[in-house]
Asker: 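For reference, the structure I am asking about is given below.
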Amino acid sequence: MRPLFAVGLVFAGCCSNVIFLELLVRKHPGCGNIVTFAQFFFIAVEGFLFEVNFGRKQPAIPIRYSIFKYASIALVSVGIFICTYMSAKQVTSHSSLSENEGFQAFTWWLLGIGALSFALLMSARMGIFQETLYKQFGKHSKEALFYNHALPLPGFIFLASDIYDHAVLFNKSELYEVPVVGVAMPIMWFYLLMNVITQYVCIRGVFILTTECTSLTVTLVVTLRKFVSLIVSILYFQNPFTVWHWLGTLFVFIGTLMYTEVWNNLGITRSQPPKEDKKN
């Protein structure tokens, strides 16, 4: 029952999260740094207050990071930074790019994609490492969630200028009256707040899954969630849905059904002919 609850958190949180993320990046395409920082900061503060009890609670799992973990986190950070920065630059000055500058921007974009792809492989290795930790020290998903988001926070100091610039832009957005509460606030801050809350729900479900399922199952669920988020984004914002999208949808669901072996659970097995009774 607990894995099903975690899967529900992942899909509910992440699929609603992508809507607010797209609302943010449509208005300010280069706001990825402030969004990521807000998510990490919120989760770290929540864990500091309710999980580690203002730092008084000792971690059940000792902090002993491997080179794989350092490498993957560094690559993810570099890849996200390169892609976010270059995407924002292309959006704001696409019309003024010369052919040489356009090729250079595309090269940096490819470098970011390559770094992210390699980081995904390291992330798979981290999942296996996480399984080992939970078997050795017990299931402590909230503790892992806190340390995974609190320890990288100092790295955001290198992005402080960009974060501050977007905070100023957010302050200048039109006012929006929050339903039920009745408080007026800049609409970009409201989108960011909802993005952070839904992201917390999503990542909380992911970390629960890591304590209940194998890393392969977690990877499949997260990948499927990303696909569903893509479909939600396409339908909600009325983006074109081509034949290739339908083909991809078909592959995803066939692969998921193959992984879960749903036909075995439904009792759909090859029928055997009844044996005839032999009488002497």
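Positions are given from 1 along the sequence. A quick note: this is a predicted structure, and the numbers were derived from the prediction, not measured.
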Asker: Would you call the rings of F20 and Y191 parallel, tilted or perpendicular, where under 30° means parallel and over 60° means perpendicular?
Answerer: tilted

Asker: Short question: side chain of T36, backbone of N33 - any donor-acceptor pair under 3.5 Å?
Answerer: no

Asker: How many angstroms lie between atom CG of N195 and atom OG of S16, to the nearest 0.5 angstrom?
Answerer: 9.0 Å

Asker: Over all heavy atoms of both residues, which pair between A167 and W189 is shortest? Give the atoms and the distance, please.
Answerer: O-CZ2, 3.7 Å

Asker: Do L145 and H149 have side-chain heavy atoms sitting under 4.5 Å apart?
Answerer: yes

Asker: In the single-linkage hydrophobic clustering (I, L, V, M, F, W, Y; side-chain heavy atoms under 4.5 Å), do I197 and F190 co-cluster?
Answerer: no

Asker: Quick one: does E46's side chain get under 4.5 Å of E51's, heavy atoms only?
Answerer: no

Asker: Could you check whether atom CG of L175 has more than 12 heavy atoms from other residues, nucleotides or ligands sitting under 6.0 Å from it?
Answerer: yes

Asker: Would you compute the distance between atom SG of C202 and atom CZ of F207 and round it to the nearest 0.5 angstrom?
Answerer: 10.5 Å

Asker: Rounded to the nearest 0.5 Å, what separation is found between the OG1 atom of T132 and the CZ atom of F137?
Answerer: 10.5 Å

Asker: What I'd like to find out is whether the side chain of Y164 reaches to under 4.5 Å of the side chain of I34, using heavy atoms alone.
Answerer: no

Asker: Looking at every non-hydrogen atom in both residues, tell me the closest pair between N148 and F40 and how far apart they are.
Answerer: O-CE2, 3.9 Å

Asker: V178 versus M185: any side-chain heavy-atom pair under 4.5 Å?
Answerer: yes

Asker: Taking all non-hydrogen atoms of both residues, which atom of S173 and which atom of I187 are closest, and how far apart?
Answerer: OG-N, 3.5 Å

Asker: Quick one: pull up OG1 in T198 and CG in L193 and give me the separation to the nearest 0.5 Å.
Answerer: 9.5 Å

Asker: Measuring only between side-chain heavy atoms, which start at C-beta, is L24 closer than 4.5 Å to M188?
Answerer: yes

Asker: Please report the closest heavy-atom contact between N171 and P186, naming both atoms and the distance.
Answerer: O-CG, 4.0 Å

Asker: So, for L153 and A44, which heavy atoms are closest and what is the spacing to 0.1 Å?
Answerer: CD1-CB, 3.6 Å

Asker: Do I163 and F156 have side chains that get closer than 4.5 Å, going by heavy atoms?
Answerer: yes

Asker: For a side-chain contact (heavy atoms from CB on, under 4.5 Å) check, start with the C-alpha distance between Q39 and N17, then their side-chain angles and the critical distance, and finish with the verdict.
Answerer: CA-CA 11 Å; Q39 292 173 352; N17 172 267; 4.1 Å; yes

Asker: So which of F41, F54, F42 actually passes ring-ring contact (aromatic ring centres under 6.0 Å, His included) with F48?
Answerer: F54

Asker: Please walk me through it: do F170 and L192 pass side-chain contact (heavy atoms from CB on, under 4.5 Å)?
Answerer: CA-CA 9 Å; F170 282 17; L192 182 61; 4.0 Å; yes

Asker: Return the CD1 to CE distance between I19 and M194, rounded to the nearest 0.5 Å.
Answerer: 10.5 Å

Asker: Taking all atoms of both residues into account, what is the closest heavy-atom pair of L9 and G205, and its distance?
Answerer: CB-CA, 3.8 Å

